[in-house]
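Here is the structure we will look at.
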Amino acid sequence: MKAGDRVRVKTSVIVYTHPEHRNQSFDMKGLEGEIVSIINDWNGRPVSPNLPIQVKFTAKFKAHFKQEELEVISD
């Protein structure tokens with residue numbers, strides 16, 4: 001996986017921050033988006049974040065995931 005890849009959420013991931021479902025549980029399984037970045041460093045220092053992959057779904061909504069929660073979509 002790399003920045004710019006289209007991905008689909010393949011496991012059940014519950015969020016409470018989706019703009020259309022504010023403060024309600026929302027399952028992201030099946031949603032498709034684009035990888036914006038993969039976080040490997042912070043201010044030039046290497047880090048190992050729990051949720052390193054940032055995915056953009058809409059103009060207003062981005063979320064962070066583990067690699068196991070996503071699958072690359074072949075166009």
Side-chain angles (χ1 to χ4, degrees):
M1 285 188 207
K2 62 187 181 309
D5 284 352
R6 295 274 309 155
V7 293
R8 178 182 302 121
V9 180
K10 69 178 182 179
T11 61
S12 181
V13 177
I14 306 295
V15 297
Y16 292 86
T17 57
H18 193 281
E20 297 171 13
H21 304 277
R22 203 80 169 150
N23 298 322
Q24 301 171 4
S25 62
F26 179 73
D27 189 358
M28 300 202 43
K29 185 175 182 177
L31 287 183
E32 297 179 4
E34 181 179 334
I35 295 177
V36 176
S37 65
I38 299 176
I39 301 164
N40 295 323
D41 65 3
W42 179 257
N43 292 332
R45 291 179 281 173
V47 294
S48 57
N50 294 333
L51 305 170
I53 303 172
Q54 184 180 31
V55 179
K56 180 178 180 179
F57 295 98
T58 65
K60 293 184 177 183
F61 185 60
K62 295 179 187 175
H64 293 261
F65 295 91
K66 298 176 186 176
Q67 185 170 356
E68 307 85 51
E69 296 171 331
L70 301 171
E71 64 184 353
V72 176
I73 301 171
S74 57
D75 291 330

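Quick note: residue numbers are just sequence positions, from 1.
A chain of hydrophobic side-chain contacts below 4.5 Å, direct or via other Ile, Leu, Val, Met, Phe, Trp or Tyr residues, connects Met1 to Phe57. Linking ILVMFWY residues whenever their side-chain heavy atoms come closer than 4.5 Å, directly or via other members, leaves Ile39 and Phe61 in distinct clusters. Hydrophobic clustering of Ile, Leu, Val, Met, Phe, Trp and Tyr side chains at less than 4.5 Å, counting indirect connections, unites Val15 with Val55.
Applying the salt bridge (charged side-chain N to carboxylate O under 4.0 Å, His left out) definition to pairs two or more places apart or across chains, those involving residues 30-42 are Arg6-Glu32, Arg8-Glu32.
Nearest heavy atoms, Lys66 versus Leu51: CG-CD2, 3.5 Å.
Interatomic distance, CD1 of Ile14 versus NZ of Lys29, reported as 10.5 Å (0.5 Å rounding). With rounding to the nearest 0.5 Å, the separation of CD in Gln67 from CD1 in Ile38 is 7.5 Å. The structure places CD1 of Ile73 at 7.0 Å from CD of Glu71, a figure rounded to the nearest 0.5 Å.
Contact of the Met28 side chain with the Phe65 side chain is registered, since non-hydrogen atoms from C-beta on lie closer than 4.5 Å. Taking 4.5 Å as the limit, some side-chain heavy atom of Val9 sits within range of a side-chain heavy atom of Leu70.
Residues satisfying the salt bridge (Lys or Arg N to Asp or Glu O under 4.0 Å) test with Lys2, not counting sequence neighbours, are Asp5.
Listed for the Asp27 side chain is a donor-acceptor partner under 3.5 Å among the backbone atoms of Val13. Side-chain atoms of Arg22 do not come within 3.5 Å of backbone N or O of Tyr16 as any donor-acceptor pair.
Of the N and O atoms on the side chains of Ser37 and Gln54, at least one donor lies less than 3.5 Å from an acceptor on the other residue.
By the neighbour-count criterion of 12 heavy atoms within 6.0 Å, atom CG of Asn43 is densely surrounded, having more than that number from other residues, nucleotides or ligands.
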